[in-house]
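Here is the structure we will look at, set down as structure tokens.
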Amino acid sequence: MTAEQLISFARGAPSLDIIDVEGLKAAAIRAFDADPAGMTAYGTSVGYVPLRKWIAAKHGVSADQVIVTNGSLQADAFLFNHLVQPGDTVIVEKPTYDRTLLSLQQLGATVHQVTLREDGIDVDELRALLESGVRPKLAHIIPNYQNPAGLTLSEEKRRALVALAVEFEFIIFEDDPYVDIRFRGEALPSMLSIDTDNVVVHASSFTKTVCPGVRVGYLVGPAALIDAIAKKATNLYISPGMVSEAIVHQFCISGDIERSVQTVSTALAERSSLLADSLRKHIPGAVFTEPDGGYFLWVDLPADVDVDKLFPAAMKKGVAIVKGTDFLLEGGKNSVRLAFSAVTVDQIDEGVRRLAEAIDEVRA
């Protein structure tokens, strides 16, 4: 490996070696054979109907509670644009996904970040905020292997959040694209499955379990809400991509999705462990919690490491990171998010070694 080759801990995407290319090719052939008319037509704004039904069955809901979209980021955008008006209050985690912050700020929302603990959002802090008179339109929560922190919301807090949403009349947006990429532990119930009062809207994606290029995500929520969003989607683009959704449908019904999830989970478990070992070896002052799944590891560096200086220094060394400040309204000056999904095993230790060299330079 030459020094010129960039090692990127920046992108939350699977590397090519763990994408089931052959399975996708076979799924594409089956899709064209099974439904050439359906997958080559415009379709409807709710997405490819057989995939919509498969997703509904997976979540134990009726099909009219599902809309399939061009990636989960578009699902997020549909929900935010439908619910959030300028000046509306929205709760997010601290830290949270950088594109969530950007989207909500562009909509003119008043964003409150609530501290993330090792078992998820600080429910007591949120309750105090609500009892002080803050009335959010919605709370955006990434419950499993959170982006960027890699932490998982406990079952106790999932139930507490749903209860708070009922009591204070706001929507929980359960943004859950990483749920299936689990390294250890048992799966926890989704807040969607706990909800009996129609306060939860759930989003997920096939980006992390199939491949990013299919651009297939979805929303699950109350039928009236999904219908209203579907009407707006019709005006926006008539329908999402039927070809990619039909391929994903075949990939799912064949059982290939389970094999793909296992492949990705096994590979990323190894990469996560190697990354943690390398951080302990090369950057002994780094503080982090190893995730139980997902794509990301959040690292708090020593207080004298400024990520605004570290970022360009690391790039010069041939290693890409994401600054902690990108995920926070304030703070994060000594933190970075490291994605271990796109780096191969042979790159990890070298990448951390380069990062340690860059840290030494900016501390000098």
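Note that the structure is a prediction, hence the values are computed from the model and not measured. Keep in mind that the numbers below use all heavy atoms, side chains included, and drop hydrogens, waters and symmetry copies.
- The neighbour count for Lys137 NZ, taken as heavy atoms of other residues, nucleotides or ligands under 6.0 Å away, is above 12.
- Defined by atom type and a distance below 3.5 Å, a donor-acceptor pair is present between the side-chain atoms of Asp300 and Ser335.
- Residues that satisfy the side-chain contact (heavy atoms from CB on, under 4.5 Å) test with Glu22, not counting sequence neighbours, are Asp20, Lys25.
- In terms of modelled atom types and a separation under 3.5 Å, the side chain of Arg363 and the main chain of Val305 share no donor-acceptor contact.
- Looking at Thr69, its side chain never comes within 3.5 Å of a backbone N or O of Ser72 through a donor-acceptor pair.
- Proximity of a side-chain donor or acceptor of Arg11 to a complementary backbone N or O of Ala339 within less than 3.5 Å is not detected.
- Taking all atoms of both residues into account, the shortest heavy-atom contact from Tyr237 to Asn70 is CE2-ND2, 3.3 Å.
- Taking 4.5 Å as the limit, some side-chain heavy atom of Gln74 sits within range of a side-chain heavy atom of Leu236.
- Taking 4.0 Å as the cut-off between side-chain N and carboxylate O, Arg353 and Glu350 count as a salt-bridged pair.
- Remark: the backbone N or O of Val166 is not paired with any side-chain donor or acceptor of Asp197 at under 3.5 angstrom.
- Each of Leu268, Val261, Thr263 was evaluated against Ser265; a single residue qualifies, Val261, per the side chain to side chain contact (heavy atoms under 4.5 Å, CB included) test.
- The cationic atom of Lys232 (NZ for Lys, CZ for Arg) does not lie both less than 6.0 Å from the six-membered ring centre of Phe78 and within 45° of the ring axis.
- For the pair Asp35/Tyr48, a side-chain contact is recorded, criterion being any heavy-atom separation below 4.5 Å from C-beta on.
- For the pair Val343/Ile7, a side-chain contact is recorded, criterion being any heavy-atom separation below 4.5 Å from C-beta on.
- The shortest side-chain heavy-atom distance between Leu225 and Val201 falls under the 4.5 Å cut-off.
- Without hydrogens or angle criteria, Glu174 side chain to Met191 main chain gives a donor-acceptor distance under 3.5 Å.
- Using a cutoff of 4.0 Å between basic side-chain nitrogens and carboxylate oxygens, Glu361 and Lys316 are not scored as salt-bridged.
- Leu279 and Ile348 fall within a single hydrophobic cluster, where Ile, Leu, Val, Met, Phe, Trp and Tyr are joined by side-chain heavy atoms under 4.5 Å apart, directly or via other members.
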Test Asp180 against Thr209 for side chain to side chain donor-acceptor pair (under 3.5 Å), laying out the working first.
-> CA-CA 8 Å; Asp180 292 324; Thr209 53; 5.4 Å; no
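- Both Val68 and Met242 are members of a single hydrophobic cluster when ILVMFWY side chains are connected at heavy-atom separations under 4.5 Å.
- Between Val90 and Phe173 the shortest side-chain heavy-atom distance does not fall below 4.5 Å.
- Ring centroids of Tyr218 and His59 are separated by less than 6.0 Å, placing the two rings close together.
- At least one side-chain heavy atom of Leu24 sits under 4.5 Å from a side-chain heavy atom of Ile19.
- Using a 4.0 Å cut-off between a side-chain N of Lys or Arg and a carboxylate O of Asp or Glu, Asp33 and Arg30 do not qualify as a salt bridge.
- Remark: side-chain polar atoms of Ser132 are paired, donor with acceptor, to backbone N or O of Leu129 under 3.5 angstrom.
- Within a 6.0 Å radius of CZ in Arg99, other residues, nucleotides and ligands contribute 12 heavy atoms or fewer.
- Ion pairing between a basic and an acidic side chain is recognised when a charged N comes within 4.0 Å of a carboxylate O; Lys157 and Asp119 show such pairing.
- Side-chain atoms of Ser244 come within 3.5 Å of backbone atoms of Gly241 as a donor-acceptor pair (strictly under, hydrogens ignored).
- For Asp292 and Tyr145, the side-chain atoms include no donor-acceptor pair closer than 3.5 Å.
- The shortest side-chain heavy-atom distance between Leu102 and Asp98 does not fall under the 4.5 Å cut-off.
- If you check the side chains of Gln262 and Thr266, you find a donor sitting under 3.5 Å from an acceptor.
- In terms of heavy-atom proximity, Ala246 sits nearest to Met39 at CB-CB, 3.6 Å.
- Scanning all heavy atoms of the two residues, the minimum distance from Val111 to Leu329 falls at O-CD1, 3.6 Å.
- The shortest non-hydrogen separation linking Leu328 to Pro95 is CD2-CA, 3.7 Å.
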Dump the intermediate steps for ring-ring contact (aromatic ring centres under 6.0 Å, His included) on Tyr178 and Phe296, then the final yes or no.
-> CA-CA 10 Å; Tyr178 311 102; Phe296 307 108; 5.6 Å; yes
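- One hydrophobic cluster holds both Val200 and Leu153 under the rule that ILVMFWY side chains link at heavy-atom gaps under 4.5 Å.
- For Arg337 (side chain) and Val322 (main-chain N/O), no donor-acceptor pair under 3.5 Å exists by modelled atom type.
- The neighbour count for Glu118 CD, taken as heavy atoms of other residues, nucleotides or ligands under 6.0 Å away, does not exceed 12.
- A distance-only check finds no donor-acceptor pair linking the side chain of Arg215 to the backbone of Gly71 [under 3.5 Å].
- Side chains of Glu93 and Gln146: a donor-acceptor N/O pair is present below 3.5 angstrom, by distance only.
- Using modelled atom types, no side-chain atom of Lys309 and backbone atom of Val362 make a donor-acceptor pair closer than 3.5 Å.
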Worked check of side chain to side chain donor-acceptor pair (under 3.5 Å) between Ser62 and Gln65 | CA-CA 6 Å; Ser62 61; Gln65 291 180 256; 3.2 Å; yes
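- Residue Glu169 qualifies as open at atom CD: its count of foreign heavy atoms under 6.0 Å is 12 or below.
- In this structure, Ile321 and Phe311 have side chains that are in contact, with non-hydrogen atoms separated by less than 4.5 Å.
- At a threshold of 4.5 Å between side-chain heavy atoms, the hydrophobic network of Ile, Leu, Val, Met, Phe, Trp and Tyr places Leu275 and Ile18 in one connected group.
- Checking Val92, Ile121, Thr96 one by one against Val114, the side chain to side chain contact (heavy atoms under 4.5 Å, CB included) holds for a single residue, Ile121.
- Salt-bridge check for Arg127 with Glu167: passed, with a basic side-chain N closer than 4.0 Å to an acidic carboxylate O.
- Residues Lys281 and Asp277 are not paired through a salt bridge, judged by the lack of any N-O separation under 4.0 Å between the basic side chain and the carboxylate.
- When the shell of 6.0 Å around CD of Glu290 is examined, it contains more than 12 heavy atoms from other residues, nucleotides or ligands.
- Across all non-hydrogen atoms, the minimal contact from Leu130 to Pro136 is CD2-CD, 3.4 Å.
- For Asp349 and Ser278, the side-chain atoms include at least one donor-acceptor pair closer than 3.5 Å.
- Side-chain contact, Thr344 with Gln347: a donor N or O sits under 3.5 Å from an acceptor N or O.
- Checked for salt-bridge contact, Arg271 and Asp17 meet the test: a charged N lies under 4.0 Å from a carboxylate O.
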